[in-house]
Amino acid sequence: ERIIVMGGDLGSTSLTNDTWKSADKGATWTLQNASSGWLQRRGISSVVMPDASIVLTAGSYMDTNLKYSNETWRSTDKGVSWTRVNASSGWPERHDHTSVALPDGSIVLLGGYLFDGGQDTLFNDTWRFQPAGSSAAGPARARAGLSPSDPRRAPALRTRMAGRPGRVVGVVGQRHE
């Protein structure tokens, strides 16, 4: 079982854009790419597609201030190299969101957080989109009962692993008041 780790927060304002792989359930790690092409960021979400490629979405990064992204990146070689699919993917910029890949190659993206000019924005929107190779159309904003009524930061979204793969069955997250 392979595990791929991409980017993240190293503490304080130190972010990374490296990609690491473990082929032995996390016992040892191999650096795939020290600088993966996308800006150093945290709060990203990634999915493994039906064709085994990895798609990474959004996140936040440091310029002179904290900034947010709505980019989409894809790796077809387990994180060794990355290609930007879209610089602006259609949904509002965010981080601490979640996503899941569906069997048709589309991705459902949900929730997240944005802090801009002293204003907190917690998203309760749901988007379904298709990166290259998907049979679904997108990006399209879709409610379809997937979005919880309360906005969420850092939600978890999972699909059912047996029986009917790709069926979204659970959403959990941090609610702010």
Side-chain angles (χ1 to χ4, degrees), residues 4-10 13-21 31-102 104-144 146-147 151-157 168 173:
I4 308 287
V5 174
M6 300 146 290
D9 189 335
L10 301 175
T13 58
S14 181
L15 306 177
T16 184
N17 64 346
D18 54 0
T19 303
W20 292 81
K21 177 181 87 170
L31 180 64
Q32 297 288 83
N33 192 324
S35 182
S36 297
W38 31 272
L39 293 173
Q40 299 173 344
R41 62 184 70 188
R42 66 179 179 198
I44 57 181
S45 182
S46 64
V47 297
V48 176
M49 301 300 291
D51 67 359
S53 65
I54 302 166
V55 175
L56 177 142
T57 56
S60 59
Y61 60 95
M62 292 299 293
D63 193 352
T64 52
N65 295 308
L66 187 64
K67 304 236 176 170
Y68 298 88
S69 167
N70 63 353
E71 292 180 314
T72 301
W73 289 77
R74 185 178 200 141
S75 174
T76 58
D77 56 9
K78 301 174 184 69
V80 173
S81 61
W82 292 87
T83 303
R84 185 164 60 182
V85 174
N86 198 325
S88 180
S89 297
W91 58 80
E93 298 170 336
R94 65 190 65 207
H95 77 178
D96 287 351
H97 59 293
T98 195
S99 54
V100 66
L102 300 178
D104 66 1
S106 66
I107 296 172
V108 174
L109 181 139
L110 173 88
Y113 172 78
L114 172 73
F115 179 79
D116 188 26
Q119 177 69 34
D120 282 336
T121 301
L122 292 172
F123 294 102
N124 68 342
D125 56 350
T126 303
W127 295 81
R128 184 174 180 191
F129 68 102
Q130 81 172 54
S134 170
S135 61
R141 186 173 183 157
R143 289 290 181 169
L146 293 176
S147 185
R152 296 175 193 255
R153 179 178 182 179
L157 182 61
V168 178

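Residue numbers count from 1 along this sequence.
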Legend entry - Gap between atom CG of N86 and atom OG1 of T57 - 0.5 Å precision: 11.5 Å
Legend entry - Heavy-atom pair of closest approach, residues G8 and R42: C-CB, 4.1 Å
Inset, instruction - Return yes if some donor-acceptor pair links the side-chain N/O of Y68 with the main-chain N/O of F115 below 3.5 Å, else return no. - result: yes
Inset, instruction - Give the C-alpha distance, both sets of side-chain angles, the deciding distance and a yes or no for side chain to side chain contact (heavy atoms under 4.5 Å, CB included) between Q40 and L10. - result: CA-CA 11 Å; Q40 299 173 344; L10 301 175; over 6 Å; no
Inset, instruction - Could you tell me the separation between the CG atom of L31 and the CH2 atom of W20, rounded to the nearest 0.5 Å? - result: 4.5 Å
Legend entry - Within-4.5 Å side-chain heavy-atom neighbours: L109 and W91: yes
Legend entry - Rounded distance (nearest 0.5 Å) linking atom CE of M6 with atom OG of S46: 3.0 Å
Legend entry - All side chain to side chain contact (heavy atoms under 4.5 Å, CB included) counterparts of T83, not counting sequence neighbours: none
Legend entry - Side chains of F129 and T72 in contact at under 4.5 Å (non-hydrogen atoms): yes
Inset, instruction - Identify the residue among T19, I44, V47, V85 that makes a side-chain contact (heavy atoms from CB on, under 4.5 Å) with L56. - result: I44
Legend entry - Set of side-chain hydrogen bond (donor to acceptor under 3.5 Å, both in side chains) partners for E93, sequence neighbours left out: none
Legend entry - Residue pair V55 / I107, side-chain heavy-atom distance below 4.5 Å: yes
Inset, instruction - Could I get the full list of side-chain hydrogen bond (donor to acceptor under 3.5 Å, both in side chains) partners for S81, not counting sequence neighbours? - result: D77
Inset, instruction - For S45 and S99, indicate whether the former's side chain and the latter's backbone hold a donor-acceptor pair under 3.5 Å. - result: yes
Inset, instruction - Find the distance between CG (D104) and CZ (R128) and round it off to the nearest 0.5 Å. - result: 4.5 Å
Legend entry - Partners meeting ring-ring contact (aromatic ring centres under 6.0 Å, His included) with Y61 (sequence neighbours left out): none
Legend entry - Sidechain-backbone polar pair: S36 side chain, N17 backbone, donor-acceptor under 3.5 Å: yes
Legend entry - From OG (S60) to CG (D96), nearest 0.5 Å: 7.0 Å
Legend entry - Counterpart residues, side-chain hydrogen bond (donor to acceptor under 3.5 Å, both in side chains), relative to R41 (two or more places apart): S69, E71
Legend entry - side chain to side chain contact (heavy atoms under 4.5 Å, CB included) partners for S53, two or more places apart: M49, D51, R74, T76
Legend entry - Partner set under side chain to side chain contact (heavy atoms under 4.5 Å, CB included) for P92, not counting sequence neighbours: R94, F123, D125, W127
Legend entry - Side chains of N70 and H97 in contact at under 4.5 Å (non-hydrogen atoms): no
Legend entry - Partners passing side-chain hydrogen bond (donor to acceptor under 3.5 Å, both in side chains) against N33 (at least two apart in sequence or in another chain): none
